[in-house]
Amino acid sequence: MTRGPERVIRDEVLAMSAYHVQSASGMVKLDAMENPYSLPAKLRQALAVSLAGCELNRYPDPTAPALKARLRAVMGIPDDFELLLGNGSDELIQIIIQACARPGAVVMAPVPTFVMYQAYSTIAGTRFIGVPLRADFSLDVAAFIGAIREHDPAVVFISYPNNPTGNLFAAEDILKIVGAVSGIVVIDEAYQPFAETSWLGRLHDSSNVVLLRTMSKLGLAGIRLGYATGRKEWIGEFDKVRSPYNVNVLTQCVAETILADSSILEEQAAEIRTSRGVLLRRLAQVAGVSPFPSAANFVLARVPNAPAVFAGLRARGILVKNLHGMHPLVDNCLRITVGTPAENELFLTAFSSAIADLPDGAARRDRVG
Ligand SMILES: Cc1ncc(COP(=O)(O)O)c(C=O)c1O
């Protein structure tokens with residue numbers, strides 16, 4: 001008898017690759033949309049005190065009432081909306097898809113977008129349909145509504161702003177899509193602190209929308225805390241799919257302490273928004289490079305030859321994300337997380353020399369559009 005994973009693991013899973021995290025040891029890390037700033041010493045001390053009081057021998061309280069109250073207050077979440085906490089918003093994406101994964105169910109999103117929508121769909125055994133954005137990265141509403149009519153998706157994900165393109169879709173386009181969907185629309189606001197706008201104020205208008213947020217991009221990627229908010233009838237169903245103790249004691253404690261005075265995170269987000277403007281202007285000055293407007297904490301830029309520039313940056317100790325090959329709309333694009341002003345300078349210097357080093361002809365190789 002043959003034994004082995006091929007006999008029992010589902011074909012879709014066998015065909016997948018594990019999520020690859022680039023090694024960043026010793027590099028300027030501008031690949032994962034992290035906040036580059038650490039927390040001030042006073043806050044670290046406050047954290048040490050609150051963490052010392054944590055009961056590590058006990059399971060976390062899954063209802064996390066104190067943390068939820070803080071989140072409600074800081075994020076302005078209306079009382080009539082429920083909150084669901086996740087081990088990162090990644091987990092919430094997985095929970096939502098899992099809950100809706102009836103046989104034959106379809107998950108839909110504009111593409112290119114956050115890759116985990118498709119990955120979790122595959123894992124859940126649902127079908128993922130990606131509807132290409134227009135060349136200017138706006139929603140192709142007619143194509144999207146056509147795809148909705150054809151496939152009747154159970155879940156539609158809209159990353160607002162969108163990763164990796166960095167833009168905010170037009171609200172009227174999103175509203176048309178929400179109106180056409182009979183399932184649920186998830187507005188994923190992972191980058192909301194850098195967009196200074198939110199769908200939260202519109203959440204009462206539709207019965208089939210939930211909002212997803214994360215503390216990760218705001219400066220707490222290490223603690224893994226995301227949340228979903230929306231009507232009780234949806235959140236209550238998703239809550240059934242959640243693992244009983246998904247948000248650990250330490251995460252709850254850190255988030256509660258920091259949210260008691262979250263002004264530092266808001267100040268850091270403001271710094272990042274300012275640095276993003278500088279980075280965009282400077283990138284636009286490099287010959288052959290086209291940066292795209294961004295409402296997030298990263299910048300997408302089309303370069304003459306993304307694989308070569310990526311390798312040139314890497315050789316100079318700078319790690320960004322090479323999107324070449326992900327989707328034709330982002331061919332020859334790099335995604336650069338906004339770092340500290342000093343990191344951005346290091347990046348810009350390395351970037352200019354990586355571009356200057358391109359061999360003759362390489363500048364045109366692989367160029368699309
Ligand atoms: C659009 C979007 N949503 C969700 C996430 C997941 O964030 P986390 O699991 O850290 O909350 C990311 C991470 O890059 C993202 O880009």
Side-chain angles (χ1 to χ4, degrees), residues 19-22 24 29-36 67 71 75 83-98 107-121 123 128 130 133 137 139 155-169 174 185-195 197-199 209-229 238 242-243 246-248 251-252 254-255 258-259 265 269 272 276 294-300 319-323 326-327 330 333 335-338:
Y19 189 87
H20 173 64
V21 178
Q22 308 184 79
K29 196 170 181 313
L30 304 178
D31 65 325
M33 285 82 87
E34 292 143 326
N35 172 340
L67 173 54
L71 273 173
M75 309 294 175
L83 260 182
L84 180 66
L85 305 183
N87 185 10
S89 50
D90 269 344
E91 189 196 25
L92 296 166
I93 295 167
Q94 185 163 32
I95 286 174
I96 292 169
I97 295 175
Q98 198 73 50
V107 173
M108 192 176 281
V111 286
T113 193
F114 183 44
V115 291
M116 295 314 289
Y117 305 146
Q118 176 160 12
Y120 287 132
S121 299
I123 292 165
F128 179 82
L133 294 170
F137 301 147
L139 285 169
V155 191
V156 170
F157 284 97
I158 307 240
S159 172
Y160 184 75
N162 188 41
N163 171 17
T165 55
N167 58 315
L168 279 166
F169 300 127
I174 297 179
V185 179
V186 180
I187 308 279
D188 181 349
E189 293 197 340
Y191 300 97
Q192 185 276 334
F194 314 101
T197 185
S198 172
W199 204 262
V209 176
V210 295
L211 197 76
L212 215 54
R213 294 252 187 104
T214 178
M215 300 301 291
S216 295
K217 318 298 172 183
L218 205 48
L220 301 174
I223 70 170
R224 309 301 296 126
L225 181 67
Y227 60 95
T229 188
F238 300 143
R242 179 181 59 78
S243 300
N246 64 330
V247 177
N248 73 72
T251 295
Q252 292 193 22
V254 171
I258 294 179
L259 288 172
L265 299 182
I272 291 167
R276 174 183 69 199
S294 171
N297 63 341
F298 59 85
V299 167
L300 183 78
L319 194 61
V320 298
K321 181 84 175 174
N322 175 18
L323 298 178
M326 178 201 192
H327 187 278
V330 289
C333 285
R335 189 189 63 197
I336 306 122
T337 305
V338 179

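Numbering starts at 1 and runs along the sequence shown. Read the numbers this way: they start at 1 and go in the same order the structure lists the ligands and their atoms.
- Nearest-residue assignment for atom 11 (O) of ligand 1 (options Leu225, Ile93, Thr214; heavy-atom criterion): Thr214.
- Here the heavy atom of the protein found nearest to atom 2 (C) of ligand 1 is Asp188 OD2, 3.4 Å.
- Between atom CG of residue Leu92 and atom CG of residue Leu211 there is a gap of 11.5 Å, rounded to the nearest 0.5 Å.
- When non-hydrogen atoms are compared, ligand 1 lies under 4.0 Å from neither the backbone nor the side chain of Glu91.
- The two residues Met75 and Leu259 make their nearest non-hydrogen contact at CE-CD2, 4.4 Å.
- Within ligand 1, the atoms closer than 4.0 Å to a non-hydrogen atom of Gly88 are 9 (O), 11 (O), numbered from 1 in the order shown.
- Contact between Arg224 and ligand 1 is present, with at least one heavy atom of the residue lying under 4.0 Å from the ligand.
- With a heavy-atom cut-off of 4.0 Å, Lys217 touches ligand 1 through its side chain alone.
- The nearest protein atom to atom 7 (O) of ligand 1, hydrogens excluded, is given as Ser89 OG, 3.2 Å; this is a heavy-atom distance.
- Counting only distance, with no hydrogens or angles, the side chain of Asn297 and the backbone of Ala269 share no donor-acceptor pair below 3.5 Å.
- Between the side chain of Asn162 and the main chain of Pro112, a donor-acceptor pair closer than 3.5 Å is present.
- Look at Ser216 and you'll find a heavy atom under 4.0 Å from some atom of ligand 1.
- In this structure, Tyr117 and Phe157 have parallel ring planes: the angle between them is below the 30° cut-off, well short of the 60° mark.
- The contact set between ligand 1 and Tyr117, taken as ligand atoms under 4.0 Å from a residue heavy atom, comprises 1 (C).
- Looking at Ser159 next to ligand 1, no N or O pair under 3.5 Å apart turns up.
- Contacts with ligand 1 closer than 4.0 Å are made by heavy atoms of both the backbone and the side chain of Asp90.
- Taking atom 16 (O) of ligand 1 as the reference point, the nearest protein heavy-atom neighbour is Tyr191 OH, 2.6 Å.
- Here the side chain of Gln94 pairs no donor or acceptor atom with the backbone of Met116 at under 3.5 angstrom.
- For atom 12 (C) of ligand 1, the closest non-hydrogen atom on the protein side is Phe114 CZ, 3.3 Å.
- Closest non-hydrogen pair, Phe169 versus Leu133, comes out as CE2-CD2, 3.5 Å.
- Although no hydrogens or angles enter the test, the distance criterion places no donor-acceptor pair under 3.5 Å between the side chain of Arg242 and the main chain of Gly86.
- Side-chain atoms of Gln252 never come within 3.5 Å of backbone atoms of Leu67 as a donor-acceptor pair (strictly under, hydrogens ignored).
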